[in-house]
Amino acid sequence: MEESLIWLLDSEEKIIDVDLLKNNLEAMKQAFYEHEKLADYLYNNQEAILKLLDKSQFLIKSHICEEEKKKEIFNQQTLIKKHWDELRNKVLSVRTEIHETLMSLEQKQINDFRNWLTEAEDKISRLPVIGPDLETIKLQLKEHAVSLHFVLICFN
């Protein structure tokens, strides 16, 4: 039981502090994947925890152990249940927080792109007609190359 309690405490320490990453979309995406690994790990070990709790309950109810040992088992069982429930709730809470933060950051990115696109469309709509002479056309091509370079930088 002590090993299980240590395992639960170690797992609690692996929970991500989302507040540190809230302004960085890529870091939040990475946190999402890391947190999902932790959630999967906990899910895969849930059965072992439940079996342990069942076994401890059996020992408490049986006449195998002395009263002092039963009290010790009960205290450890209570501690494990408490930490297991807290851990599950914290994992779910962090998952929700990560999802909400990701949606917010992605929405901000969409809005930024929408604004940039509107500005680009406005610039394009204000472009003059193709120049009447070769010098004007050359100048317009240079301006177009600068604009294209800016677009390529924005997309990379």
Side-chain angles (χ1 to χ4, degrees), residues 1-57 60 72-131 135-156:
M1 290 186 93
E2 290 175 19
E3 289 176 14
S4 295
L5 190 55
I6 291 169
W7 175 82
L8 287 170
L9 294 172
D10 286 344
S11 294
E12 286 176 5
E13 291 178 7
K14 293 178 183 175
I15 294 177
I16 297 165
D17 186 1
V18 176
D19 289 333
L20 300 175
L21 310 171
K22 282 197 171 188
N23 295 323
N24 185 330
L25 180 60
E26 290 306 314
M28 282 303 299
K29 286 179 182 179
Q30 185 62 35
F32 170 79
Y33 293 120
E34 292 299 318
H35 187 74
E36 286 303 305
K37 287 179 189 175
L38 176 61
D40 289 345
Y41 178 68
L42 294 175
Y43 178 77
N44 291 334
N45 287 286
Q46 179 176 351
E47 190 175 324
I49 294 291
L50 295 176
K51 282 182 181 179
L52 177 69
L53 293 173
D54 285 344
K55 285 179 183 178
S56 64
Q57 190 64 32
I60 291 169
E72 184 182 322
I73 292 171
F74 177 78
N75 289 338
Q76 287 181 347
Q77 180 189 39
T78 303
L79 211 56
I80 288 172
K81 279 182 187 177
K82 176 183 173 252
H83 281 285
W84 178 250
D85 289 341
E86 287 174 357
L87 182 59
R88 282 186 333 171
N89 289 334
K90 182 68 175 171
V91 166
L92 290 174
S93 172
V94 169
R95 177 184 277 166
T96 300
E97 190 175 0
I98 288 173
H99 280 271
E100 289 172 354
T101 303
L102 276 173
M103 287 189 305
S104 173
L105 288 170
E106 287 174 342
Q107 187 61 50
K108 182 188 177 311
Q109 199 173 46
I110 289 169
N111 291 341
D112 290 347
F113 179 68
R114 181 181 295 127
N115 291 339
W116 177 84
L117 195 55
T118 300
E119 288 176 22
E121 288 172 340
D122 288 346
K123 262 186 177 179
I124 291 169
S125 70
R126 290 190 303 266
L127 287 176
V129 293
I130 295 178
E135 288 304 313
T136 306
I137 292 173
K138 285 180 181 180
L139 180 63
Q140 289 173 330
L141 280 173
K142 284 182 183 178
E143 290 172 358
H144 177 71
V146 168
S147 295
L148 182 60
H149 181 70
F150 175 73
V151 168
L152 293 175
I153 288 173
C154 288
F155 280 106
N156 292 331

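- The shortest non-hydrogen separation linking G131 to T136 is CA-CG2, 3.5 Å.
- A salt bridge links D112 with K108; the closest basic N to acidic carboxylate O contact falls under 4.0 Å.
- In the displayed structure, I130 atom CD1 is contacted under 6.0 Å by at most 12 heavy atoms of other residues, nucleotides or ligands.
- Of the possible polar contacts, none joining the S93 side chain to the N89 backbone as a donor-acceptor pair under 3.5 Å is found.
- Atoms CG and CD1, on L50 and I80 in that order, are 11.5 Å from each other to the nearest 0.5 Å.
- With a 4.5 Å cut-off on side-chain heavy atoms, M28 and E106 do not count as touching.
- Distance check: D40 CG to N45 CG gives 11.0 Å after rounding to the nearest 0.5 Å.
- Judged purely by atom type and a 3.5 angstrom limit, Q140 uses its side chain to pair as donor or acceptor with the backbone of V129.
- Q76 has its side chain within reach of E72: a pair of non-hydrogen atoms, C-beta onward, lies under 4.5 Å apart.
- Atom CD of E47 has 12 or fewer neighbouring heavy atoms from other residues, nucleotides or ligands inside a 6.0 Å radius.
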Let's go through V146 and E143 carefully: what are the C-alpha distance in whole Å and the side-chain angles of both, what is the deciding distance for side-chain contact (heavy atoms from CB on, under 4.5 Å) to 0.1 Å, and is it a yes or a no?
CA-CA 5 Å; V146 168; E143 290 172 358; 5.7 Å; no
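- Rounding to the nearest 0.5 Å places NZ of K82 at 4.5 Å from CD of E86.
- Of the possible donor and acceptor atoms, none in the side chain of S104 sits under 3.5 Å from a partner among the backbone N and O of E100.
- Between V94 and H35, the shortest heavy-atom distance links the atoms CG1-CE1, 3.5 Å.
- Classified by interplanar angle (parallel below 30°, tilted 30° to 60°, perpendicular above 60°), the ring pair F32/H99 is perpendicular.
- Residues K37 and Y41 are not in side-chain contact: their nearest non-hydrogen atoms beyond the backbone lie 4.5 Å or more apart.
- For the 3.5 Å distance criterion, the side chains of E119 and N115 fail to qualify, holding no donor opposite an acceptor.
- Taken to the nearest 0.5 Å, the CD1 atom of I124 stands 8.5 Å off from the CG atom of L117.
- Between the CD atom in Q77 and the CG atom in D54 there is a gap of 9.0 Å [rounded to 0.5 Å].
- The two residues A31 and I98 come nearest to each other via the heavy atoms O-CD1, 4.0 Å.
- Annotation for H144: atom NE2 does not count as buried by contact number, only 12 or fewer foreign heavy atoms lying within 6.0 Å.
- Here the OG1-CZ distance, from T118 to R114, works out to 8.0 Å after rounding to the nearest 0.5 Å.
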